[in-house]
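Some notes on the structure that comes next.
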Amino acid sequence: MMTKSKLTPEEALAFHLEPAPGKFEIQPTVPMTTQRDLSLAYSPGVAVPCEAISERPETAYDYTNKGNLVAVVSNGTAVLGLGNLGALGSKPVMEGKAVLFKRFADVNGIDIELDTEDPDAFIQAVKLMGPTFGGINLEDIKAPECFIIEQTLKEEMDIPVFHDDQHGTAVICAAGLINALHISGKRIEDCRIVLNGAGAAGIACIELLKAMGARHDNCIACDTKGVIHQGREEGMNQWKSAHAVDTPLRTLEEAMEGADVFLGVSVKGAVTPGMVESMAEDPVIFAMANPDPEITPEEAQAVRADAIIATGRSDYPNQVNNVLGFPYLFRGALDIHARAINDEMKIACAEALAELAREDVPDEVAMAYGRKLTFGRDYIIPTPFDPRLIHTVPPAVARAGMDTGAARRPLVDMESYEETLRARMDPTASILRSINARARHAQARMIFAEGDDPRVLRAAVQYQRTGLGKALVVGREPDVKNKLEAAGLGDAVREIEVVNAANTRHLDQYKEFLYQRLQRKGHDRHDIHRLAARDRHVFSALMLAHGHGDGLVTGATRKSAHVMEFINHVFDADAEHGAAGVTALLHKGRIVMIADTLVHEWPDEEDLANIAERSAGVARHLGLVPRVAFVSFSTFGYPRSERATKMHRAPQVLEERGVDFEFEGEMTVDVALNTRAQEAYPFQRLTGPANILVVPARHSASISVKLMQEMAGATIIGPILSGVDKSIQICSSNSTASDILNMAVLAACKVG
């Protein structure tokens with residue numbers, strides 16, 4: 001079982017506040033810099049596609065973003081488990097849903113909160129927005145209004161309308177049930193199925209299972225009034241009545257006796273161990289109430305070791321998580337310009353998910369969950385971070401849509417479509433996820449050197465609370481306590497370990513070690529005491545050198561050159577010993593590393609070759625195949641310049657060393673990063689765009705990194721210190737708590 005992360009209200013609010021309010025922004029996909037750009041984008045150029053669409057409405061999918069745009073619409077009457085928070089109160093959830101669409105399936109989502117509880121007004125508002133969107137995702141609308149709204153919109157709109165609270169849960173539930181029955185050797189047609197919770201999600205679940213072959217008379221639905229049976233009048237509506245059966249059973253307890261499957265979308269504690277004990281052999285229990293299930297897996301397994309159990313929670317195996325469904329359902333539907341998402345498409349989604357869970361699981365996914373995942377009772381549903389979902393589920397949905405006539409524009413080449421999906425997702429996401437997975441697996445004791453800084457303290461608390469390892473904060477206990485309380489993290493005082501020269505028994509050992517290193521460098525015993533006992537950078541480095549921590553993060557409060565000076569008192573982290581700093585730039589789905597950004601001021605050709613080797617090692621740690629370019633203002637000797645000579649010689653040094661990665665140079669940045677530009681030099685050795693740029697000097701590296709950060713909005717990771725015996729990462733002084741946490745993750749993975 002996985003440890004559930006502990007989140008505080010302050011952390012949640014800070015996440016939504018920084019670096020800008022909310023969770024996403026909109027950026028143009030076309031240039032908007034010149035008068036000609038403006039003329040094409042707006043007037044007069046925009047008139048041409050307007051007339052084309054007016055004549056042929058289907059071309060809206062070609063000339064606008066309609067084909068990849070989904071509205072996430074709510075009125076906030078049933079927000080999560082919080083109840084009626086109103087339209088405005090639902091906005092953070094709807095923004096989050098839009099972000100999930102983008103993150104998992106590259107679908108653009110726009111959140112729309114409608115301030116009305118009148119179903120007719122809601123329906124009219126959504127209908128009027130139909131021309132804008134390729135699909136409508138309804139969310140957090142209370143029953144029974146959600147049934148009326150969805151059904152009416154599906155009948156009156158010619159784009160997919162999908163209430164995820166109903167059908168998203170149903171699809172993932174169906175996927176899990178397919179595999180649970182596969183394990184138990186049962187057929188859905190023969191199973192007795194009991195549903196508890198006849199709201200939107202519950203009724204959608206039972207309807208989809210019936211569409212997959214479950215028999216009406218074998219499905220018993222229950223609500224707070226008991227079994228929904230023929231002739232019952234209390235608490236009924238037309239949607240419940242459709243699932244009433246002729247049965248003498250009146251209570252959930254009676255219905256559970258001999259049942260093969262239990263589906264719960266109700267409340268905590270609704271199911272007792274006695275009910276589980278009365279179920280048939282190999283019972284399937286989907287206790288999906290949130291945040292606490294109808295019965296916990298521990299309670300169920302205590303009485304039935306043969307049970308197959310799923311919940312809605314991430315800290316138990318087999319999570320029924322809607323994010324496995326809605327992004328990929330809409331991806332497939334949008335790509336065929338679907339008129340609707342029908343039952344066949346939902347079933348295809350469920351079957352694709354079930355089949356994926358039966359395949360071997362990639363190592364990166366297993367590492368993220370801290371255990372090897374193999375198809376069986378504890379793994380019947382894929383995990384949300386499985387990278388195969390994007391190119392497995394949408395094609396299945398698209399095929400079903402085409403086979404049932406829901407497609408306006410059927411796909412011709414499915415193999416090509418799958419390849420497009422593979423390339424569609426941002427590769428940086430999987431790399432960052434892999435790093436976090438490895439850090440979680442490592443469980444490193446991380447030393448945070450600057451415990452007097454609130455950013456560092458927030459990062460340390462997050463490091464420990466998210467299960468990455470043990471946080472060791474260097475500072476004075478009262479100071480750390482006061483700053484944690486000021487940051488709203490007073491309860492963390494008891495969780496993290498505060499370390500300093502006064503409370504360690506190792507200080508004499510540290511001082512003797514330091515004296516042996518520095519006695520011939522002008523430092524006497526008094527100097528050594530001041531360094532070891534009073535300078536947090538030196539003290540932290542000494543902790544690391546003696547194995548009293550596994551990694552070190554520092555630099556948030558001092559300039560990197562100053563921090564490096566103190567680190568070098570303890571470690572050989574300088575140019576002479578081959579250390580180097582590598583900074584990763586993440587921008588628009590690409591990762592490019594620049595080096596050296598930390599150690600070498602003006603490297604010669606031998607140094608440049610060392611930097612290239614260090615950078616290649618960092619790239620491999622990040623899961624990249626290194627391609628190194630020695631960049632300059634010249635390309636292969638033109639224009640000639642004495643200052644470019646070393647960049648010309650550095651590749652020759654690597655040739656002599658016989659390294660096992662691609663390299664080339666000297667070359668300008670555009671040639672290094674652009675495959676078409678490389679075609680002008682057929683003799684060059686790179687097989688694709690370079691992902692490592694070795695630059696002539698540290699000042700040019702710094703300029704490049706900061707320019708990309710400020711002008712292009714690139715995400716910066718680093719500088720990553722490489723070539724030191726222990727794992728040390730040095731933050732920039734303007735780092736946020738998230739930046740510091742990222743550096744701690746790199747240190748935990750020993751990237752460097």
Side-chain angles (χ1 to χ4, degrees), residues 20-73 91 94-95 97-99 101-103 105-114 123-138 153 156-162 327 330-341 394 398 401 406-412 416-417 420-421 423-426 587-590 670 674 676 710-714:
K23 290 194 280 284
F24 69 95
E25 64 182 8
I26 296 174
Q27 295 194 11
T29 58
V30 294
M32 296 287 287
T33 53
T34 68
Q35 181 61 47
R36 178 175 174 79
D37 294 337
L38 295 177
S39 297
L40 287 167
Y42 196 56
S43 180
V46 74
V48 178
C50 288
E51 291 174 338
I53 292 168
S54 178
E55 293 174 10
R56 297 177 58 215
E58 68 273 15
T59 60
Y61 288 91
D62 299 313
Y63 302 130
T64 75
N65 65 4
K66 179 181 175 73
N68 196 41
L69 190 62
V70 168
V72 181
V73 191
K91 186 170 175 62
M94 301 311 119
E95 280 189 0
K97 194 65 175 281
V99 170
F101 266 116
K102 189 65 177 179
R103 163 62 185 84
D106 194 27
V107 171
N108 296 319
I110 298 292
D111 65 293
I112 296 173
E113 293 74 35
L114 297 177
I123 290 165
Q124 184 65 10
V126 176
K127 277 178 57 181
L128 292 173
M129 293 187 292
T132 302
F133 298 99
I136 305 292
N137 182 98
L138 302 174
L153 289 174
E156 298 186 10
M157 298 185 77
D158 66 347
I159 56 176
V161 178
F162 185 85
F330 271 97
R331 178 74 279 153
L334 290 170
D335 291 338
I336 58 172
H337 301 177
R339 297 179 176 85
I341 294 175
R408 284 190 184 85
R409 191 177 295 181
L411 299 168
V412 177
S416 175
Y417 175 54
T420 300
L421 292 171
R424 186 160 201 147
M425 298 311 297
D426 182 350
H587 185 57
K588 293 186 176 179
R590 295 179 69 175
D670 58 324
N674 191 310
R676 288 188 179 180
E710 293 302 319
M711 295 297 291

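Along the sequence shown, residues are numbered consecutively beginning with 1. Values below: every heavy atom of this structure, side chains too, minus hydrogens, waters and symmetry copies.
For the side chain to side chain contact (heavy atoms under 4.5 Å, CB included) test, residues two or more places apart in sequence or in another chain that qualify with Pro327 are Phe104, Ala105, Val323. With sequence neighbours excluded, the residues forming a side chain to side chain contact (heavy atoms under 4.5 Å, CB included) with Asp158 are Arg408, listed by chain and number. Qualifying side chain to side chain contact (heavy atoms under 4.5 Å, CB included) partners for Ala60, counting only residues two or more places apart in sequence or in other chains: Ile53, Thr64, Lys66.
Rounding to the nearest 0.5 Å gives a distance of 10.5 Å between CZ of Phe101 and CG of Asn68.
Looking only at distances, a side-chain donor or acceptor of Ser39 sits under 3.5 Å from a matching main-chain atom of Gln35. Under a 3.5 Å cut-off, the side chain of Glu95 and the backbone N or O of Lys23 do form a donor-acceptor pair. Under a 3.5 Å cut-off, the side chain of Asp37 and the backbone N or O of Thr33 do form a donor-acceptor pair.
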**OP:** Could you go through the side-chain contact (heavy atoms from CB on, under 4.5 Å) check for Lys97 and Asn137 one step at a time?
**Re:** CA-CA 9 Å; Lys97 194 65 175 281; Asn137 182 98; 3.4 Å; yes
Original post:
Checking side-chain contact (heavy atoms from CB on, under 4.5 Å) for the pair Leu40/Val30: CA distance, chi angles, key distance, verdict?
Top reply: CA-CA 10 Å; Leu40 287 167; Val30 294; over 6 Å; no
Original post:
What's the verdict on side-chain contact (heavy atoms from CB on, under 4.5 Å) for Thr132 and Leu69, showing C-alpha distance, side-chain angles and the deciding distance?
Top reply: CA-CA 8 Å; Thr132 302; Leu69 190 62; 4.1 Å; yes
**OP:** List the steps and the verdict of side-chain contact (heavy atoms from CB on, under 4.5 Å) for Leu38 and Met32.
**Re:** CA-CA 6 Å; Leu38 295 177; Met32 296 287 287; 3.7 Å; yes
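In this structure the side chain of Met94 never reaches within 4.5 angstrom of the side chain of Ile112, judged on heavy atoms. Residues Val107 and Lys102 have side chains not in contact (no heavy-atom distance under 4.5 Å, counting atoms from C-beta outward). When side chains are defined from C-beta on, Pro394 does not count as touching Phe330, because their heavy atoms never get closer than 4.5 Å.
Checked for salt-bridge contact, Asp62 and Arg409 meet the test: a charged N lies under 4.0 Å from a carboxylate O. At a threshold of 4.0 Å, the pair Asp106-Arg331 does not count as salt-bridged, since none of the basic side-chain nitrogens sits closer than that to a carboxylate oxygen.
Shown here is Gln27, whose CD atom has no more than 12 heavy atoms of other residues, nucleotides or ligands within 6.0 Å.
Aromatic ring pairs are classed by plane angle as parallel below 30°, tilted from 30° to 60° and perpendicular above 60°; the pair His337 and Tyr61 is parallel.
Remark: of the listed residues Val126, Ile341, Val73, Ile136, Ile136 is the sole one forming a side-chain contact (heavy atoms from CB on, under 4.5 Å) with Val161.
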